[in-house]
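Notes follow once the structure below has been shown.
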Amino acid sequence: MINITLPDGSVRQFEQGVTSLEVAQSISEGLARNVLAAKVNDSVWDLSRPITEDARVQLLTWNDDLGKNTFWHSSAHILAEALEALYPGIKFGIGPPVENGFYYDVDLGEQHFSQDDFAKVEQKMLELARSKSEFERREVSKAEAVAYFEEKGDQYKLDLIKDLEDGTITFYTQGNFVDLCRGPHLPNTGFVKAVKLMNVAGAYWRGDEKGKQLTRIYGVTFPKQKELTEYLERLEEAKKRDHRKLGKELELFTFSEKVGMGLPLWLPKGTLLRERLEQFLRKAQQRAGYQPVVTPHIGSKELYITSGHYEKYGADSFQPIRTPNEGEEFFLKPMNCPHHCEIYKTRPRSYKELPVRLAEFGTVYRYEQSGELHGLTRVRGFTQDDAHIFCRPDQVKDEFLKVIDLVLYVFHSLGFEDYTAQISLRDPENKQKYIGTDEAWEKAETAIIEAAAEKGLSTVTELGEAAFYGPKLDFMVKDALGRKWQLGTIQVDYNLPERFQLEYIGADNQKHRPVMLHRAPFGSLERFVALVIEHCGGNFPLWLSPEQYAILPISEKFHDFAQQVKELLEQEDIRGYVDNRDEKIGRKIRDAEVRKVPFMLIVGEKEQENNAVSVRKHGEGDLGSMTVGEFTGMFKAKIAEALNK
RNA sequence: GCCUCCAUAGCUCAGCUGGUAGAGCAACUGACUUGUAAUCAGUAGGUCGUUGGUUCGAUUCCGACUGGGGGCUCCA
């Protein structure tokens, strides 16, 4: 007999060789029907795999991420089986589960596959699912594995096997399809009840840009048809929040082919919104001891040779502009730090005045690959809410902590509660990608890890994601469609102070080298605005809204009164417009609702008599009549509440 | 940059297998003077992204380019 410990701590005894499915059956029939896989000690197993010694067992269902992963991983195999049946001779890369489904990378050879073929493949997948084929696990020797795929002529699988150790290789078979796979899998294909292929895309084999490009087919499956329907509905809803769509509808920004791809044009309403964000951060930074500076949009080539950016990015950035006569070369600035270093150097610095915090809403230009551009989230010209903190080594941690506070203040004020704090470190396997000494890197990485821990941030650590001059703490937020974007970032840098020979005079009257922190709570205004739009679905917080009210006169007779109300509100720094078109009130209300204007102020005879406005709130309806004074009072209270929560 | 799909009026879209285009909304004009999500009527608006080719004839078929979507790679 062996002891099986369940997650609640209870221990049950079973025969040696018991399967997780049998464990589930001993608990309840319902659980046995829903269980998809099991976590045995620390790895996920097939339900049918015999357990031969004492173990901790956690039964995984659709409600567990690991259960979903197993479900989708098995679905990828069903997709592969369907594809093999419909497109004989195709070769397979990898087919893993992902956050919302799964994909399989395939080499179709001479055959073609597009969205038009989805229905056919989906049908085949459902047919295979209904056949309830079991997923059979088999341990194979490396030689056997190689022989099988050589016979099949699948060079990708052979490529994968090459890196595997003999004795750890397993095959899974369902129906007529055999795959090299670590597993685990569902007991059989019948668990899959609903299938939807989502899109096709190119993907480099093993992520190598120079390598062969395979066709990646994305799909998603569910244990119930209803869940698929709901998922697709959620997706439709999410698309309505896409900032590119709302940006156009709400007239916030646009792009022009003539101006150039990836170069956003801010429309008046978008500019208003952006300026409110700037103002908000300027205030917070003033309180935190930052000093605003302004620097030009270009800098000489020498500047970037000194900073190291030229060596790293010179060939892959916008090429320099030249003076007509002297041939001097200038680059559009891709970042603000070198300029700020030069500001720091204007005069000798005393240890007493550190930290020096120089802040600038600096517009920078970067050559991004054309295929990378994406709405406002990835552009070629954008404005960073940049600042550089020059401090003594003993101040680094404290400054870092203060910046974390600032970033979190910004995020909370905008309602970004669902973010990931990512510690981005150097790739230890690939040190030549970075500049600076090992010692400096270690100091910087330690500083970040300690500061994040001290703030109690729950972090994920990514190797190889550091900037080339230093490690980062990045705050990532997802867009409407679940794509992750970096917003806030804090970076420790020992390299630029060295390269620019930055100094301060210490208490010992000796020269010392300051440490630099780069930081941007928004990251870029463009990307931040994009994420704000998607998070609120265009229904901006009152303080950000480009049009905070619309005054809607009942008829032309009240246009003068409407104008008087507008002037009163303007005095209170509340912005909006009067809709004095010859339209019925119902129409004006509808249009203001569509424009997502937070407050509609309806003025007619009653209001004029009482010097009042009838207030209607966007999405909620009539709030009744009140004086202009009462309205502004309520209005300001709401803003104060939103910003101080 | 790579793979793939897409491109018709300011916006959203229709236009079967090739015979030079249509709707709704927006705009403009007029009438209506309006009480909580679309008043009525009229007018104007497109060398069908650009450019080659096939054809008697191309918005429609093919190629290139430009821009956009999805993904890959990249992201100071």
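Chain A is the first sequence line, chain B the second, and so forth, proteins listed ahead of strands; every chain is numbered from 1.
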Look at A/Ser370 and B/rG1 and indicate whether a side-chain polar atom (N or O) is within less than 4.0 Å of OP1 or OP2.
yes
May I ask you to verify whether the side chain of A/Arg366 and the base of B/rC74 hold a donor-acceptor pair under 3.5 Å? no
Q. How would you label the contact of A/Glu605 with the nucleic acid (heavy atoms, under 4.0 Å): base, sugar-phosphate, or nothing?
A. base
Ranking B/rG70, B/rC72, B/rC11 by distance to the side chain of A/Lys248, first place goes to B/rC11
Classify the nucleic acid contact of A/Arg616 as base, sugar-phosphate or nothing, counting any heavy atom under 4.0 Å across all strands shown.
base
To the nearest angstrom, the NZ-P distance between A/Lys212 and B/rC72 comes to 19 Å
*asked:* Quick check on B/rU34: is either OP1 or OP2 less than 4.0 Å from any side-chain nitrogen or oxygen of A/Arg587?
replied: no
Worksheet item: Distance only, no hydrogens: is a donor on one side chain within 3.5 Å (strictly under) of an acceptor on the other, for A/Tyr367 and A/Asp316?
Response: no
Under 4.0 Å between any heavy atoms, over every strand shown, what does A/Ile554 touch: base, sugar-phosphate, or nothing? Just pick one. base
Exercise for the section: In whole angstrom, give me the gap between the C1' atoms of B/rA9 and B/rC25. Expected result: 12 Å
Polar side chain donor-acceptor pair, A/Glu329 to A/Ser300, under 3.5 angstrom: no
inquiry  = If I pick the P atom on B/rG24 and the same atom on B/rU39, what distance separates them, to the nearest angstrom?
reply    = 16 Å
C1'-based separation of B/rC2 from B/rU59 [nearest Å]
30 Å
Separation between the P atoms of B/rA58 and B/rA44, rounded to whole Å:
28 Å
Here the distance between atom P of B/rC75 and atom NE2 of A/His309, to the nearest Å, is 13 Å
Checklist line | B/rU51 to B/rA27 separation - P atoms, rounded to the nearest Å | finding: 32 Å
With a 3.5 Å cut-off and just heavy-atom distances, do the side chain of A/Gln115 and the base of B/rC5 make a donor-acceptor pair? no
(Q) Under 4.0 Å, counting only non-hydrogen atoms across every strand here, what does A/Gly207 touch: a base, just sugar-phosphate, or nothing? (A) sugar-phosphate
Taking Watson-Crick and G-U wobble contacts under 3.5 angstrom, with | marking pairs to another strand and [ ] crossing pairs, the secondary structure of RNA chain B is written (((((((..((((.....[..)))).(((((.......))))).....(((((..]....))))))))))))....
Next on the checklist: Over 60° means perpendicular and under 30° means parallel, so tell me whether A/Phe635 and A/Phe599 are parallel, tilted or perpendicular.
Outcome noted: tilted
For A/Arg483, the side chain to side chain contact (heavy atoms under 4.5 Å, CB included) test, sequence neighbours excluded, returns A/Arg244, A/His374, A/Asp479, A/Leu481, A/Trp485
Ignoring hydrogens and geometry beyond distance, is a side-chain donor-acceptor pair present between A/Asn539 and A/His618 at under 3.5 Å? yes
A/His374 atom NE2 is separated from B/rC72 atom C1', nearest whole Å, by 15 Å
Do the side-chain N and O atoms of A/Tyr469 and A/Gln491 include a donor-acceptor pair separated by under 3.5 angstrom?
yes
Whole-Å distance, A/Lys210 NZ to B/rC2 P, equals 14 Å
Of the candidates B/rU36, B/rC75, B/rU66, the side chain of A/Glu368 sits closest to B/rC75
Winner on side-chain proximity to A/Ser317, out of B/rA76, B/rA37, B/rU36, is B/rA76
For this session: Anything under 30° is parallel, anything over 60° is perpendicular, the rest tilted; go ahead and classify A/Phe113 against A/Phe118.
Result: tilted
When you check the side-chain N and O atoms of A/Ser424 and A/Gln422, is any donor under 3.5 Å from an acceptor?
yes
Residues 484-494 of chain A vs salt bridge (Lys or Arg N to Asp or Glu O under 4.0 Å), sequence neighbours excluded, gives none
Phosphate OP1/OP2 of B/rA26: any A/Arg595 side-chain N/O under 4.0 Å | no
- Task: Fit a plane to each ring of A/His243 and A/Phe253, take the angle between them on a 0 to 90° scale, and name the class: parallel (under 30°), tilted (30 to 60°) or perpendicular (over 60°).
- Result: tilted
message = Whether the side chain of A/Arg590 and the base of B/rA38 hold a donor-acceptor pair under 3.5 Å is what I'd like checked.
response = yes
Out of B/rG68, B/rG1, B/rA37, minimum distance to the side chain of A/Gln369 belongs to B/rG1
inquiry  = Ring-plane angle category for A/Phe528 and A/Phe522, please: parallel below 30°, perpendicular beyond 60°, tilted otherwise.
reply    = tilted
Looking only at atom C1', what distance separates B/rC65 and B/rU12, rounded to whole Å? 28 Å
- Item | Atom C1', compared across B/rC28 and B/rG10: separation rounded to whole Å | 13 Å
Query raised in the report: Among side-chain atoms of A/Asp117 and A/Gln115, is any donor-acceptor pair under 3.5 angstrom?
Result: no
A/Ile585 CD1 to B/rC32 P, in whole Å, measures 20 Å
When rounded to whole Å, the CD to P distance for the pair A/Gln213 and B/rC72 reads 11 Å
Exercise. What does A/Tyr218 touch in the nucleic acid at a heavy-atom separation under 4.0 angstrom: a base, only the sugar-phosphate, or nothing?
Worked result: sugar-phosphate
A/Glu583 CD to B/rA41 C1', in whole Å, measures 13 Å
*asked:* What contact category does A/Arg244 fall into here, base, sugar-phosphate, or nothing, at under 4.0 angstrom with non-hydrogen atoms?
replied: sugar-phosphate
Answer with yes or no whether the side chains of A/Gln384 and A/Asn336 bring together a donor and an acceptor at under 3.5 Å.
yes
Under 3.5 Å, is there a donor on one side chain and an acceptor on the other for A/Thr363 and A/Lys333?
no
| said: Taking any heavy-atom pair under 4.0 Å as a contact, classify A/Gly371: base, sugar-phosphate, or nothing. | reply: base
* To do: Give a yes-or-no answer on whether the side chains of A/Asn100 and A/Trp72 include a donor-acceptor pair shorter than 3.5 Å.
  => no
Regarding the side chain of A/His112, the nearest nucleotide among B/rC5, B/rU39, B/rC2 is B/rC5
- Does a distance-only test, which skips hydrogens and angles, find a donor-acceptor pair under 3.5 Å between the side chain of A/Ser614 and the base of B/rU36? yes
Rounded to whole Å, the OH-P distance (A/Tyr103 to B/rC3) equals 19 Å
Worksheet item: Within the structure shown, what part of the strands sits under 4.0 Å from A/Arg581 by heavy-atom distance: base, sugar-phosphate, or nothing?
Response: nothing
query: How is A/Lys584 classified with respect to the nucleic acid when contacts are heavy atoms under 4.0 Å: base, sugar-phosphate, or nothing?
result: base
Students often get this wrong, so: under 4.0 angstrom with heavy atoms, is A/Glu607 touching a base, only sugar-phosphate, or nothing? base
The complete set of salt bridge (Lys or Arg N to Asp or Glu O under 4.0 Å) pairs with one or both residues in residues 595-612 of chain A, sequence neighbours excluded, reads A/Glu547-A/Arg595
The answer to which of A/Met335 and A/Ile589 contacts RNA chain B further toward the 5' end, by nearest nucleotide, is A/Ile589
Of A/Gln486 and A/Asp208, the one whose closest nucleotide on RNA chain B sits nearer the 5' end is A/Asp208
Contact check, residues 196-206 of chain A vs RNA chain B, heavy-atom distance under 4.0 Å, returns A/Asn199, A/Val200, A/Ala201, A/Gly202, A/Ala203, A/Tyr204
* State whether the aromatic ring of A/Tyr313 stacks on the base of B/rA76, taking stacking to mean ring centres under 5.5 Å apart and ring planes under 30° to each other. => yes
Note: contacts of residues 555-563 of chain A with RNA chain B (heavy atom, under 4.0 Å) are A/Ser555, A/Glu556, A/Lys557
